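Right, one structure below, let's go through it.
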There are 2 protein chains.
Amino acid sequence: MNRNSSAAEPPQGVGAVRAGRTPSGANPTLSEAEIVAAALRVVRVDGVDKLSMRRLSRELGVSPMAPYYYVADKSELLDLVATAALAGIRIPEPESGPWQVRLRALIDQIDEKLRKHPGLGDVLIEQMLKKQLTLIDAAMEILFDAGFSPRNVLTAYATIHTYLFGRSRVVNDNGPGPLPQQLPKSFARAMAHVDDLRGKYFYEFGIATVIDGLEAQLVRQQSAK
Amino acid sequence: MNRNSSAAEPPQGVGAVRAGRTPSGANPTLSEAEIVAAALRVVRVDGVDKLSMRRLSRELGVSPMAPYYYVADKSELLDLVATAALAGIRIPEPESGPWQVRLRALIDQIDEKLRKHPGLGDVLIEQMLKKQLTLIDAAMEILFDAGFSPRNVLTAYATIHTYLFGRSRVVNDNGPGPLPQQLPKSFARAMAHVDDLRGKYFYEFGIATVIDGLEAQLVRQQSAK
DNA sequence: ACCTGAACACCGTTCAAGT
DNA sequence: ACCTGAACACCGTTCAAGT
């Protein structure tokens, strides 16, 4: 129904160029980089849940199976997308401040990427201990510096991870919506501030809750020893 | 390939029973209750992501469109499933203790239901402010009692909600897995305790982090006024 | 080496039809 | 009133084939 995307037509008859790049801008062959770029485009515009192998192939102007030459399956594609989306995050230097500050600096950057890539949290929350090891390691190093025991470093990281990547799913697009019947009392009182959930206030509150909570666990750990 | 499920064959020729229930156990007609029960069976055994309208119809031994006579679409089915799965939660009495204790009592019950219904957190995390109003209201009332401002009641609830329903997705089934290359330093140190993530320790730590963190926000709120 | 095309086993859902 | 059957527009993926 829609027009085809503005990408070039399947570039097979442009000339007798055997391999490599064409003189013009048209792509003679795909590449992993192009595939990831196209996937990221879809994710940024329509969100991860709209990214399908078939949609990706349309975006690239190739047949549905073409991307499979470069990626084994969809889950590998999502791994590549996640890695690309999280690229450019700078790990705070150890001297840049106390652990709480360094942790926030790291979390803030991740959250920024998540905002730009709707639904990405969903991808990242599951794979957790399999991918993005460098990033996770950086967070864990901060927690070690804070004084957490190895066991609590893992658990504390999992707590952060759960909150950070789950956050994006809460109260996303769905507008106010026709709320049914008359609302329960406390619910109605609180709901006067729904708009706060979309903005920075909820973010600040939530992250502060987690970090302050972690501080409390650190104190408990030390007074238990 | 598989055998058909052990449910009765499509019960059309059992007798000339016009309507209502048959003398035997076979169902002459469907009902919302039966549909929800079948859906819950699928969820408990295989998880929410295996629950499809078609799988549900197979489970019931009817044609794929039959359930649509009782539920408008899949999202309505999921709402019914979520409500049924959360049934039986007892809201702690106001006199049963301080807010932290009452909140935990509520959260513990919800988490128990979530454990029995894999993937249900995913359903609940999105609908948040549209369904389960009574449960949400109960949580919010506790937060009001604690002394949170209306705005912070909503934000605090959202923080709990995010963590509680996101928790189930982290480190679920995927076994140890063939971890690649050699691991980064802090990561490797912490990973010696992976097994803790599946057990009660992670739950205790995480919930304590959130509640202690909320306490800290309450103090901040009061000292800011 | 790189891509296409047909096919399979799935989805959710609409719509007309059967009893 | 309650259910079926065919059909449509989607998925991910396998497998054989084309250049």
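These numbers were taken from a predicted model, which means no experiment stands behind them. Numbers restart at 1 for each chain; the letters A, B, ... are given by sequence-line order, proteins then strands.
- B:L60 has its CG atom 10 Å from the P atom of D:dC3, to the nearest Å.
- Within the 4.0 Å cut-off from OP1 or OP2 of D:dC3, at least one side-chain nitrogen or oxygen of B:Y70 is found.
- Distance A:M65 CE to C:dA1 P: 17 Å, rounded to the nearest Å.
- We find that OH of A:Y69 is positioned 13 Å from P of C:dT4, with the value rounded to whole Å.
- Here the P atom of nucleotide C:dT13 and the CD atom of B:E76 are 11 Å apart, to the nearest Å.
- Ring geometry for B:F165 against B:H161 counts as perpendicular: the plane angle is over 60°, on a 0 to 90° scale with 30° as the lower cut.
- A salt bridge between B:R104 and B:E204 is present, with a side-chain N of the basic residue lying under 4.0 Å from a carboxylate O of the acidic one.
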Show me the protein contacts with nucleotides 9-11 of chain C, counting only N or O atoms at under 3.5 Å.
| unit_1 | atom_1 | unit_2 | atom_2 | d |
| --- | --- | --- | --- | --- |
| C:dC11 | OP1 | B:S52 | OG | 3.2 |
| C:dC11 | OP1 | B:R58 | NH2 | 3.0 |
| C:dC11 | OP2 | B:R58 | NH2 | 2.9 |
| C:dC11 | O5' | B:S52 | OG | 3.3 |

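- The shortest non-hydrogen separation linking B:A39 to B:L77 is CB-CD1, 4.2 Å.
- No side-chain heavy atom of B:D137 sits under 4.5 Å from any side-chain heavy atom of A:L183.
- Within the model, atoms CZ of B:F187 and CG of A:L133 stand 4.5 Å from one another, a figure rounded to the nearest 0.5 Å.
- Between the OH atom of B:Y68 and the P atom of D:dG5 there is a distance of 17 Å, rounded to whole Å.
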Would B:L214 and B:I160 satisfy side-chain contact (heavy atoms from CB on, under 4.5 Å), going step by step from the backbone distance to the final call? CA-CA 9 Å; B:L214 289 177; B:I160 297 165; 3.7 Å; yes
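- Put simply, CG on A:L77 is 14 Å from C1' on D:dT13, counting in whole angstrom units.
- Geometrically, A:R115 engages A:Y203 in a cation-pi contact, judged by NZ or CZ lying under 6.0 Å from the ring centre and within 45° of the ring axis.
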Show me the dot-bracket string of DNA chain D, counting Watson-Crick or G-U pairs under 3.5 Å, with | for pairs to another strand and [ ] for crossing ones. ||.|||||...|||||.||
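- In terms of heavy-atom proximity, B:L30 sits nearest to B:Y70 at O-OH, 3.1 Å.
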